[in-house]
Amino acid sequence: MKQLFFSVFLLCATIATAQDVKPRQSISIYGGLGAYLDHPSAVSGYNAPGIQQDFKSNPFVFGADYTRQWRKRWHYVVSAQGALQYTTSVTTIQAPQNLPPNISRIDSQSDNLEAVQFMLGGGLRYQAIKRKWLIISGQLGLFGSYIQDRDATPGQIGLLVGDPNNLTWEYAGTIDDEINRQFIPVLQYGIIAQVPLSFCPRLSVGVDVFHYTSPYFLRGSWSRVNTETNLPITLGGYRYRWDNLVGALRLTYQI
């Protein structure tokens with residue numbers, strides 16, 4: 001009888017130990033919004049001084065994660081994400097050349113753009129604080145991203161000319177913005193705070209705060225041509241990187 005009891009105890013202890021050392025796995029779904037951030041862009045081109053572009057980007061990010069324990073508090077993460085990008089660009093021409101006295105001011109062109117973004121990648125997650133009622137983790141990830149522009153139409157920009165008593169608009173050039181239709185890298189880093197639910201310990205809810213950044217997210221061009229000689233007066237291009245702070249809600253289930 002004692003041998004049977006000891007054998008059962010040893011079997012239970014072995015099973016419990018095996019469960020403790022088994023790598024922890026989980027799946028998560030999340031979604032959130034990014035705050036507007038202003039970014040003046042660098043300009044390159046012929047006769048470029050005085051041309052400036054300002055951008056505001058407001059993305060809606062959603063996705064799913066698979067995590068697996070690597071070493072103690074370290075986990076690796078595989079992620080698939082999507083984003084709806086809403087970008088406002090404002091282009092202002094301050095002519096670099098001397099203008100005739102009858103030109104009283106320069107106009108600005110505002111464009112609203114939309115794009116769908118697909119991201120696939122992964123990274124590492126470290127559980128800095130792990131309690132029964134709270135888990136706080138830091139995460140660093142890298143994604144490959146594809147952007148598909150949904151709304152990109154060239155806009156005209158004009159100069160207000162004439163004397164103060166007789167002002168008229170004069171066509172001055174074309175502004176053309178578009179979201180990059182190509183694969184670009186996206187760096188992600190931030191913090192995740194999760195609270196396990198008492199009625200279902202495997203299920204937890206949480207809040208993410210992540211920073212996303214990528215180069216050459218938006219590109220555009222501008223031009224102004226002399227209508228008499230058909231020669232360029234000013235022309236050039238610019239690029240703008242995606243740089244947003246995103247807050248999201250997360251639901252996690254431990255497998």
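Since the structure is predicted, the reported quantities are computational estimates derived from the model, not experimental observations. These values consider heavy atoms only, across backbone and side chains, with no hydrogens, waters or symmetry-generated copies.
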Heavy-atom closest pair, residues [X] and [Y]:
{"X": "Ile184", "Y": "Ser214", "result": "CD1-OG, 3.8 Å"}
{"X": "His75", "Y": "Arg73", "result": "ND1-O, 3.3 Å"}
{"X": "Gly34", "Y": "Asn244", "result": "C-ND2, 4.3 Å"}

Subject >> Gap between atom CZ of Phe210 and atom CG of Leu187 - 0.5 Å precision >> reply: 11.0 Å
Original post:
Rounded to the nearest 0.5 Å, what separation is found between the CZ atom of Arg24 and the CD atom of Gln254?
Top reply: 5.0 Å
With a 3.5 Å cut-off and sequence neighbours excluded, list the donor-acceptor pairs that the side chains of residues 199-208 form with protein atoms.
residue, atom, partner, partner atom, Å
Asp208, OD1, Arg250, NE, 3.0
Asp208, OD2, Arg250, NE, 2.9
Asp208, OD2, Arg250, NH2, 2.7

May I ask you to test the [X]-[Y] pair for a side-chain heavy-atom distance under 4.5 Å?
{"X": "Phe118", "Y": "Val116", "result": "yes"}
{"X": "Pro59", "Y": "Trp242", "result": "yes"}
{"X": "Gln69", "Y": "Gln25", "result": "no"}
{"X": "Arg68", "Y": "Val77", "result": "no"}

Original post:
Ring centroid separation for Tyr76 and Trp70, is it under 6.0 angstrom?
Top reply: no
Original post:
Would the Tyr146 and Phe183 ring centres measure less than 6.0 Å apart?
Top reply: yes
Consider only side-chain heavy atoms of I, L, V, M, F, W and Y, link residues closer than 4.5 Å, and tell whether [X] and [Y] are in one cluster.
{"X": "Tyr253", "Y": "Ile29", "answer": "yes"}
{"X": "Tyr212", "Y": "Leu113", "answer": "yes"}
{"X": "Tyr126", "Y": "Leu124", "answer": "yes"}

**OP:** List the steps, then state whether side chain to side chain contact (heavy atoms under 4.5 Å, CB included) holds for Trp74 with Gln127.
**Re:** CA-CA 7 Å; Trp74 287 96; Gln127 293 182 344; over 6 Å; no
Under 3.5 Å, sequence neighbours excluded: what are the donor-acceptor pairs made by side chains of residues 128-143?
residue, atom, partner, partner atom, Å
Gln139, OE1, Arg125, NE, 2.7
Gln139, OE1, Arg125, NH2, 2.7
Gln139, NE2, Gln188, OE1, 3.2

**OP:** Name all residues meeting the side-chain hydrogen bond (donor to acceptor under 3.5 Å, both in side chains) criterion together with Ser145; count only those two or more places apart in sequence or in a different chain, and write none if there are none.
**Re:** Gln117
**OP:** Could you walk me through whether Val78 and Asp65 pass the side chain to side chain contact (heavy atoms under 4.5 Å, CB included) test, one step at a time?
**Re:** CA-CA 6 Å; Val78 178; Asp65 288 350; over 6 Å; no
Original post:
In terms of side-chain heavy atoms, does Ser26 have a donor or acceptor partner in Thr67 at a distance below 3.5 Å?
Top reply: yes
Subject >> Side-chain donor-acceptor pair present, Gln81, Tyr30, cut-off under 3.5 Å >> reply: yes
Original post:
Counting only heavy atoms not in Ile191, do more than 12 fall under 6.0 Å of its CD1?
Top reply: no
